[in-house]
K.L.:
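Mind looking over this structure? Questions follow.
Naming convention: chains lettered A, B, ... in sequence-line order (proteins, then strands); numbering from 1 in each chain.
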There are 2 protein chains.
Amino acid sequence: MGTNSDRSVGPASQKRGRRARDSLSRAIILEAAEKIATSEGLESLTFQALGKELSAHPTSIYRHFRDKDELVLELIDSLRSRSYGGNLQKTGSWRDDLRLISRHVREHYLRYPQLAFQMAARTTRRPMEFANVEFALDALLRAGLSPDEAVLHLRAFGNVVRSLSSMEASLLALDAETRKRDELAWEVEYRQLPAEEYPHIASLAGQLTGVGDPRIFDLAIELILDAIELHVSRRPVTPAEPEH
Amino acid sequence: MGTNSDRSVGPASQKRGRRARDSLSRAIILEAAEKIATSEGLESLTFQALGKELSAHPTSIYRHFRDKDELVLELIDSLRSRSYGGNLQKTGSWRDDLRLISRHVREHYLRYPQLAFQMAARTTRRPMEFANVEFALDALLRAGLSPDEAVLHLRAFGNVVRSLSSMEASLLALDAETRKRDELAWEVEYRQLPAEEYPHIASLAGQLTGVGDPRIFDLAIELILDAIELHVSRRPVTPAEPEH
DNA sequence: AAGTGATAGTCAACGCCGCTGACTTGCGCT
DNA sequence: AGCGCAAGTCAGCGGCGTTGACTATCACTT
């Protein structure tokens, strides 16, 4: 045991500072977790880092969260509501609306790369998810898709947005060195491939970009929006359109 | 149970069961790695598990691979060639070719759900990756895209294919109970949302499918192919680009 | 005001993980 | 014949999440 004979320590001497009773809570821990995750990345969110940030013993957190997973899920939810405020305003153009929401999702994922993978695949059934679905459905219906089509295109569009964002985010989550090596490959190793075997690669190697090129996301979104527009414009008769 | 490594009565009386010199190789290690990864998942592919599988000391692997990353990249590409090694035959139709390769990739990812995430984001710089890139580039150029466009569209198409496949695969990797709960949400919880706040969801709830609906992938691919075709058909001049 | 019991914070330790550097072994070459 | 050196081994480092025992503290009784 520590030789802290005087247990009633003075106000200034917290050297052997055990935290005061009830001075921790889920909210306080989540606040510290967010600070770490946003400043150093979520890969640095460890119990030891949390303990340091809180000036508490790392395992104290187990008094408030069953395990790390519970902590992370709780963190996700608190971050999402902070990130997606009430920024979903219709512009009048369905294309702009879908572009807008895709950018929101992508930015949110890129802000929290470590969580992106979970966010992309899981269904959270929470207000922000409901609002996103409603918003996108509205845009697709205004584009002129039938309800049946809108439902399926919502999934195609949404899955593309979320999965692309998640993938881009996962690149950020790789450690810097690995990422650099991967991206550099497209500029170095691909240039050295034999032209006999890979003629197109050989002739285009100088222009090949890495898979993390930010232009890719925008292009993919525009391609899908183009296709939707094309599809609607080819429709023989415009279905009953409630738009005033 | 693990009554292996009997030291008493050995055929060659190896006192310590040290593996014979040169009895390990990259190929042999990769074979064991594949066995572990496909049966228990990539997260179970550890050096200790590998050592056990090979009856070798875990660190022996470091004689053949610089680090775990190199091993994983090599494993991915070896699985890839096994999965669709010689199946990339041009059909004459660029649309069919891109569809073909997208199906190959998707099936491959669904076959190895645990690896899909890594496969989607990482650049392996190995033969099967080269072959895929060459094949898709050829199709995009035949579609009529300029080299500049082809390079960027290769990325958009490829990223969509890989990230969608990876997301779909990740659903398979979730434990069954979680998956069922998520999919059920679209059939149950979404039907109960108030129509005042979410009118579209309320009216379409019966038709909303889960994010894992297999039709989504095909639709997304067709949308992108449609958009490419549209883009080329709108080009004022013939797409023939004999010289740079 | 003393005592007590529940509980929050602490601590050492466990078993994993990837990885390193020093060692031993034994094959192939001269 | 014996030497060099690559291949296999081994103890150990630092980090991770997690556990169960310990201890301080506070609210409530008496």
Side-chain angles (χ1 to χ4, degrees), chain A residues 1-11 13-30 32-33 36-37 40-75 114 173-175 177-178, chain B residues 2 5 7 10 12-30 32-33 36-37 40-75 114 118:
Chain A
M1 314 305 103
T3 62
N4 42 352
S5 49
D6 54 341
R7 60 257 270 277
S8 59
V9 285
S13 78
Q14 78 286 18
K15 49 181 175 184
R16 267 277 155 263
R18 168 188 276 245
R19 278 196 71 117
R21 201 185 160 85
D22 296 323
S23 66
L24 281 181
S25 68
R26 288 172 82 96
I28 288 173
I29 293 172
L30 281 174
I36 293 173
E40 304 175 51
L42 208 123
E43 76 279 2
S44 300
L45 179 60
T46 69
F47 280 85
Q48 355 220 38
L50 258 179
K52 205 170 185 178
E53 174 70 29
L54 292 163
S55 303
H57 197 276
T59 60
S60 299
I61 291 129
Y62 281 91
R63 294 287 174 208
H64 302 272
F65 295 92
R66 186 200 331 281
D67 53 21
K68 193 181 182 184
D69 198 56
E70 184 178 303
L71 192 156
V72 168
L73 290 182
E74 201 89 28
L75 180 61
Q114 306 285 344
L174 290 176
D175 62 298
E177 192 150 342
T178 300
Chain B
S5 78
R7 66 255 274 243
S13 82
Q14 301 223 351
K15 52 176 180 179
R16 265 317 203 171
R18 170 189 272 248
R19 281 196 68 116
R21 201 186 161 86
D22 294 322
S23 66
L24 280 181
S25 67
R26 288 171 82 98
I28 289 173
I29 292 171
L30 283 174
I36 294 173
E40 303 175 51
L42 186 60
E43 75 279 1
S44 299
L45 178 60
T46 69
F47 280 85
Q48 352 220 37
L50 259 178
K52 206 169 186 178
E53 175 71 28
L54 291 163
S55 304
H57 199 274
T59 60
S60 299
I61 291 130
Y62 282 93
R63 293 286 174 209
H64 301 272
F65 294 93
R66 185 200 325 281
D67 53 21
K68 193 181 182 184
D69 196 59
E70 185 179 302
L71 192 156
V72 168
L73 289 183
E74 200 87 31
L75 175 63
Q114 315 282 355
Q118 293 273 348

K.L.:
Where each residue is assigned the nucleotide of DNA chain C containing its nearest heavy atom, which of A/A20 and B/R66 is assigned the position nearer the 5′ end?
P.N.:
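Nearest-nucleotide comparison on DNA chain C picks A/A20.
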K.L.:
For D/dA6, does the base pair up with any side-chain atom of B/R21 as donor and acceptor (N or O, under 3.5 Å, distance only)?
P.N.:
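Flag set: donor-acceptor pair detected.
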K.L.:
For the CG atom of B/L54 and the CZ atom of B/F47, what is their distance to the nearest 0.5 Å?
P.N.:
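One finds 11.5 Å between CG of B/L54 and CZ of B/F47.
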K.L.:
With rounding to the nearest 0.5 Å, note down the distance linking CG in B/L24 to CZ in B/R21.
P.N.:
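B/L24 CG to B/R21 CZ: 12.0 Å, rounded to 0.5 Å.
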K.L.:
Could you check whether any side-chain N or O of A/D67 sits under 3.5 Å from a backbone N or O of A/E70, counting only pairs where one atom can act as donor and the other as acceptor?
P.N.:
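Checking the backbone N and O of A/E70 against the side chain of A/D67, a donor-acceptor pair under 3.5 Å is found.
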K.L.:
Taking atom P of C/dC16 as reference, at what distance in whole Å does atom CD of B/E40 sit?
P.N.:
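For the pair B/E40 CD and C/dC16 P, the rounded distance is 14 Å.
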K.L.:
Just to verify, what does A/Q48 make a side-chain hydrogen bond (donor to acceptor under 3.5 Å, both in side chains) with, not counting sequence neighbours?
P.N.:
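Counting only residues at least two positions away or on another chain, A/Q48 forms no side-chain hydrogen bond (donor to acceptor under 3.5 Å, both in side chains).
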K.L.:
Which whole-number value in Å describes the distance from A/R63 CZ to D/dT19 P?
P.N.:
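It is 12 Å, rounded to the nearest whole Å.
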K.L.:
What nucleotide among D/dT19, D/dG8, C/dG9 has an atom nearest to a side-chain atom of A/Y62?
P.N.:
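Selected nucleotide (nearest to the side chain): D/dT19.
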K.L.:
Please confirm whether any donor atom in the side chain of B/T59 sits under 3.5 Å from an acceptor in the base of D/dC10, or the reverse.
P.N.:
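Answer yes: a donor N or O sits under 3.5 Å from an acceptor.
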K.L.:
How long is the line joining CD1 of B/I29 and C1' of D/dA7, in whole Å?
P.N.:
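So the two atoms are 11 Å apart, to the nearest Å.
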K.L.:
Rounded to whole Å, how long is the line connecting atom NE2 of A/H64 with atom P of C/dA8?
P.N.:
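So the NE2-P distance, A/H64 to C/dA8, works out to 7 Å.
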K.L.:
Hey, is the side chain of A/R18 pairing donor to acceptor with the base of D/dT25 inside 3.5 Å?
P.N.:
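It does not, because no donor-acceptor pair links the side chain of A/R18 to the base of D/dT25 below 3.5 Å.
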K.L.:
Report the distance from atom CD1 of A/I61 to atom NZ of A/K68, rounding to the nearest 0.5 Å.
P.N.:
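Taking CD1 in A/I61 and NZ in A/K68, the distance rounds to 10.5 Å.
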K.L.:
Applying side-chain contact (heavy atoms from CB on, under 4.5 Å) between B/I36 and each of B/L45, B/T46, B/L75, report the one that passes.
P.N.:
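The side-chain contact (heavy atoms from CB on, under 4.5 Å) with B/I36 is passed solely by B/L45 among B/L45, B/T46, B/L75.
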K.L.:
Which whole-number value in Å describes the distance from A/I61 CD1 to D/dG17 P?
P.N.:
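To the nearest whole Å, that distance equals 10 Å.
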K.L.:
Could you give the CG-to-P distance, from B/L24 to D/dA6, as a whole number of Å?
P.N.:
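Value for this atom pair: 17 Å.
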K.L.:
Tell me the interatomic distance from A/L71, atom CG, to D/dC16, atom P, rounded to whole angstroms.
P.N.:
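Roughly 15 Å, once rounded to whole Å.
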K.L.:
Side-chain N or O of B/S60 less than 4.0 angstrom from OP1 or OP2 on D/dT9?
P.N.:
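Result: yes.
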K.L.:
Quick check for you: to the nearest 0.5 Å, what is the distance between A/E53 atom CD and A/E40 atom CD?
P.N.:
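Those atoms lie 8.5 Å apart.
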K.L.:
Just to be sure I understand the geometry, which residues of residues 43-58 of chain A put a non-hydrogen atom under 4.0 Å away from DNA chain C?
P.N.:
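Contacts with DNA chain C under 4.0 Å: A/A56, A/H57.
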K.L.:
Taking atom C1' of C/dC16 as reference, at what distance in whole Å does atom CG of A/D67 sit?
P.N.:
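That distance rounds to 16 Å.
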